[in-house]
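Here is the structure we will look at.
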Amino acid sequence: MKNIPEITTYVATLQDVAAVVAAGCNHVIVDDPALSIRSWITPRPYDHLAALTTLLQEIKAAYPTLVVSVNADTLCQMSHHTLIADLERLVAIAPFTYLRVQDVGLLYHFHSRCACVFDAQMGNANALGMAGYARFATRQCVPLDLPVGSIRENQEKTKAILEVQVHGSILLQYSYRRFMAGASLNTGQSADMEQIERLAEDESYPGRRFTFLDNPHGHFMFAYFDRSLLNDYQTLLDCRLAAWVIDTRGQSHAYRQACIVAYRAIAEAPAANHEATIDRVKQIAPRPLKPGFFRVNQTDKRRFKKGATLLDTNDQCVATVIDLTKKRVTIACKQLVNIGAQVKVVHPKVTHLEMTISSLWDMDGEPLQQALPQQWVQIPYKKGLQQQALLIVSNTNNRVTEPS
Amino acid sequence: MVAFHYGADAVYVGVSLFGLRKYADNLSLDELSQLVAFANQEGKQVYVVLNAFAHNEDIRALRSFLPSLEAIAPHAVIVSDYGVARLITDTTSLPLHVSTQASVTHAMGCAFWKELGAKRVILAREVSLEACKAIQAEVDIELEVFIHGAMCASYSGKCVISNYTAGRDSNRGGCVQSCRHRYRLSDPKNPHAQHSTHIMNAKDLQGILQIPAVLDAGIASLKIEGRMKSNIYVANSVAAYRHAIDYCVQMRQSGQAINTATLRSFQAPLSDVSNRSFSAGGLQQRPAGDSIHYDFEGYHKTVHYIGRVHQLDRHGYAVCDVKQSFNADDRLGVLCIHTKKLAPLHLHALYTVAGDTCTRAHPNSVVKLDSHTPLAPQSLVVLYA
């Protein structure tokens with residue numbers, strides 16, 4: 001049977017629901033500024049989730065088969081006891097399909113009361129963790145740094161029901177501090193309902209304009225580009241995920257609608273030509289569109305590739321050179337060092353140097369047969385030795401090694 | 001070792017993989033084994049940090065690494081990833097602590113981790129001491145909080161700026177601290193630049209004055225951040241908090257009131273060593289504008305770290321490694337291992353390791369100090385700025 005993922009997006013009003021359903025959305029995530037940390041809705045006084053409850057009832061009445069999630073991605077503080085109590089009431093009385101959470105505490109507290117979608121935002125990248133969370137969460141949203149190979153691997157290994165954000169803003173950072181409000185208000189409480197949006201350019205790396213959002217929940221930094229898998233839709237389809245999430249909050253309705261239309265068309269008719277709908281999205285996108293880490297995640301790979309280190313995995317560092325004169329060299333021992341030990345000298349300026357520890361002296365110049373770990377001793381000078389060079393022995397005695 | 005010598009009850013260390021400080025002086029297994037043996041001898045604890053967010057290849061590598069780690073028997077491992085935690089609890093008997101990286105802010109989160117078998121939760125730095133007390137009342141699990149050191153701008157574990165700007169994984173040890181850069185901010189409705197500021201540059205946390213509240217909250221452990229900091233930073237901060245904690249506990253046990261002026265006196269040495277100015281972070285209330293150093297122009301310090309006295313030679317001269325050049329007649333100081341306080345240091349003479357008199361010491365060398373007052377091994381030598 002053909003897997004057609006749910007086309008999912010965020011809504012805040014019944015009018016939003018009507019518009020997105022008309023465009024092809026069949027799963028809505030309802031935002032309320034009390035529960036949703038980056039709803040982009042103008043903050044309003046807390047109403048004990050009354051407006052949310054009413055909206056959920058209206059959606060159910062108007063769209064009885066629509067999949068509806070409530071976005072509750074806040075990280076709960078102990079002061080949120082009223083909010084949690086109101087959420088418990090909402091779960092008990094309001095009609096919706098999933099509670100969408102980021103806080104593992106909320107997941108743990110509510111999983112027995114309603115179906116939950118766990119959206120960690122960051123972390124939850126391995127199959128073992130996902131399998132564990134599957135005990136609590138009906139679905140999980142994969143983090144944006146997970147490449148498609150890992151998504152498939154995790155799905156295969158866990159059989160977890162997975163969603164993915166296919167389009168929209170990329171959250172880089174979530175802070176409890178209100179940096180921008182803090183700069184102007186300098187207050188310890190976030191009673192203020194102000195919401196501030198700015199563009200920010202790192203002066204050390206100019207040319208990239210990040211979006212900053214500051215609201216009562218805190219501060220959010222977004223990437224200078226939007227994630228878009230429109231050019232990777234065949235790969236995306238092959239993942240057979242349960243839902244594709246489109247997050248265009250804070251952007252125009254036209255952008256949201258164009259995205260929904262494009263992804264819906266792809267989901268329903270993969271073999272058709274989607275150039276026109278994809279181009280429409282690209283024309284009105286407020287930021288550049290990139291797949292992010294969906295195709296591949298090379299972070300740290302180039303820097304820490306094999307061979308980038310001077311040490312082999314079988315090497316054990318026995319000492320470090322801490323003083324160098326033409327007569328004697330002082331070393332700080334990390335392991336036992338015996339006279340006669342054969343060591344390799346490792347240093348960026350040394351290409352190939354080995355030596356035999358022919359003599360050892362203590363710091364008073366008295367001869368030794370052996371140096372203990374943590375001891376400072378002296379050895380004869382050898383040409384080529386450098387300050388801070390490491391003295392290495394290869395692991396040839398089945399000693400415990402660390403994996404590469 | 002420096003931390004132990006200056007009064008720490010426990011240290012947390014990284015090994016060659018899975019920590020969040022890739023560039024710290026992480027330990028080999030042999031070094032870890034030596035440290036654990038030393039700690040056991042002294043009645044102290046060593047926790048191994050495995051708090052990166054793991055991908056599948058990391059889990060595979062960790063699975064083969066864990067038996068070696070368990071054989072060394074550190075007193076706990078600190079994790080933030082649920083998969084890593086499950087691996088630890090399923091395949092080892094290592095006690096589990098949950099890292100601040102897991103962003104646990106509520107009793108419900110503590111309950112989640114307790115069910116998995118965690119012994120302790122290191123709460124997010126956004127949790128106030130008042131909230132800690134409330135959490136402790138609801139969940140029977142040890143709580144640990146940060147009391148001193150550098151602060152993340154964001155919830156720890158909720159930042160991937162480095163991933164997208166520098167190709168380095170923030171949550172696997174590669175954070176480049178982009179949050180500390182200067183940003184030019186503009187209103188999207190009016191794109192002309194408004195102003196330039198270190199908008200996310202958090203001040204360092206300093207919680208000396210909150211120690212009484214810590215005692216009231218029943219917190220099991222206080223954490224000083226700084227695996228990539230110098231020996232003088234570690235020693236100085238550990239010593240200050242050791243003094244403050246011991247003083248507060250002594251006052252409570254004897255039924256006397258804690259004197260605020262005395263408590264404040266423990267703060268002063270903390271400003272001597274490199275810092276970004278201090279705030280109480282989230283210990284008392286939600287961190288606000290006064291916790292951000294918007295106009296950051298550099299670190300503050302009154303001393304530069306020179307080196308550690310490793311031993312005394314047969315003449316009684318202090319054998320010391322040198323990290324920072326200095327002259328024999330410079331204004332020097334020593335953080336004494338016995339008093340754990342900074343005091344002036346006057347030299348009779350300065351010698352090379354070979355015993356030749358010299359007037360200047362250079363970095364990456366070893367010297368011998370002939371000082372007016374005897375120096376003890378593990379004391380730290382500084383140069384006043």
Side-chain angles (χ1 to χ4, degrees), chain A residues 75-78 103-106 108-109 121-123 125-129 132-133 145 150 153 172-177 179-180 182-183 185-190 197-205 221 223 298-300 316 322-323 325 327 330 334-335 363-364 373 376 387-388 400 402-403, chain B residues 16 29-30 34 53-56 59 61 64-65 68 81-83 86-87 103 105-106 108-109 111-112 126 131 134 153-155 157-161 163-164 167-169 171 174 181-186 188 199-200 285-290 292 294 310 313-314 319 321 353-354 364-366:
Chain A
L75 288 186
C76 284
Q77 296 281 338
M78 290 301 282
D103 188 327
V104 292
L106 281 178
Y108 185 69
H109 187 71
Q121 292 289 323
M122 291 148 201
N126 61 78
L128 194 55
Y133 282 123
D145 64 332
S150 297
E153 184 181 356
L172 297 186
Q173 185 228 53
Y174 167 24
S175 173
Y176 191 43
R177 290 177 223 248
F179 300 118
M180 294 189 290
L185 300 172
N186 203 26
T187 174
Q189 300 301 320
S190 68
E197 181 194 351
R198 293 288 180 267
L199 293 175
E201 196 171 352
D202 182 344
E203 289 188 359
S204 302
Y205 300 98
M221 177 177 178
Q298 292 279 356
T299 51
D300 298 330
Q316 301 271 355
I322 57 173
D323 187 271
T325 69
K327 290 182 184 170
T330 307
K334 295 189 173 202
Q335 308 289 343
M363 297 305 288
D364 287 316
W376 288 7
Q387 295 281 9
Q388 298 299 311
V400 167
E402 285 128 63
Chain B
S16 56
L29 288 176
D30 284 338
Q34 290 169 29
F53 285 153
H55 289 226
N56 287 328
I59 295 287
S64 61
F65 177 67
S68 311
D81 185 279
Y82 192 53
R86 287 189 71 207
L87 188 62
S103 299
T105 53
H106 195 278
M108 298 184 293
F112 170 83
E126 290 76 8
S154 59
Y155 278 105
K158 299 296 181 186
C159 179
V160 289
I161 300 177
N163 299 46
Y164 286 86
R168 285 156 60 161
D169 197 327
N171 294 310
H181 295 178
R182 197 172 188 88
Y183 286 83
R184 198 174 302 131
L185 302 182
S186 60
I199 188 73
M200 297 184 281
Q285 58 190 13
R286 183 173 185 174
D290 57 349
I292 302 297
Y294 292 107
H310 185 264
D313 74 359
R314 62 180 168 211
V319 182
D321 61 342
V353 71
N364 295 321
S365 67
V366 172

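Any value given below was found using the heavy atoms of this structure, including those in side chains, with hydrogens, waters and symmetry copies removed. This is a predicted model, so every value here is computed, not measured.
For A:Glu153, the side-chain contact (heavy atoms from CB on, under 4.5 Å) test picks out A:Lys157, B:Asn56, B:Arg60, with sequence neighbours left out. Residues satisfying the side-chain contact (heavy atoms from CB on, under 4.5 Å) test with B:Asp313, not counting sequence neighbours, are A:Asp364, B:His315, B:Tyr317, B:Val319, B:Lys368.
Contacts between B:Asp81 and chain A at a heavy-atom distance below 4.5 Å involve the side chain alone, from C-beta outward. Both the backbone and the side chain of A:Gln77 come within contact range of chain B, with heavy atoms under 4.5 Å apart. With a 4.5 Å cut-off on non-hydrogen atoms, A:Gln387 touches chain B through its side chain but not through its backbone. Contacts between A:Tyr205 and chain B at a heavy-atom distance below 4.5 Å involve the side chain alone, from C-beta outward. Heavy atoms closer than 4.5 Å to chain B are found in both the backbone and the side chain of A:Met363.
The greatest number of non-hydrogen atom pairs below 4.5 Å with chain A, out of B:Gly109, B:Ala354, B:Pro188, B:Ser103, is found for B:Pro188.
Aromatic ring pairs are classed by plane angle as parallel below 30°, tilted from 30° to 60° and perpendicular above 60°; the pair A:Tyr176 and B:Tyr155 is tilted.
In this structure the side chain of A:Gln173 reaches within 4.5 angstrom of the side chain of B:Met200, judged on heavy atoms. A heavy-atom distance below 4.5 Å is not found between the side chains of A:Arg177 and B:Glu126. When side chains are defined from C-beta on, B:His106 does not count as touching A:Leu106, because their heavy atoms never get closer than 4.5 Å.
Remark: side-chain polar atoms of B:Tyr294 are paired, donor with acceptor, to backbone N or O of A:Phe179 under 3.5 angstrom.
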Next item on the list: Go through B:Val160 and A:Gln121 one step at a time and tell me if the side chain to side chain contact (heavy atoms under 4.5 Å, CB included) criterion holds.
Entry: CA-CA 10 Å; B:Val160 289; A:Gln121 292 289 323; over 6 Å; no

Next item on the list: Output, in order, the C-alpha distance, side-chain angles, deciding distance and verdict of side chain to side chain contact (heavy atoms under 4.5 Å, CB included) for A:Arg198 and B:Tyr183.
Entry: CA-CA 11 Å; A:Arg198 293 288 180 267; B:Tyr183 286 83; over 6 Å; no

Next item on the list: Kindly indicate, with the supporting measurements, whether the criterion side chain to side chain contact (heavy atoms under 4.5 Å, CB included) is fulfilled by B:Tyr82 and A:Val104.
Entry: CA-CA 10 Å; B:Tyr82 192 53; A:Val104 292; over 6 Å; no

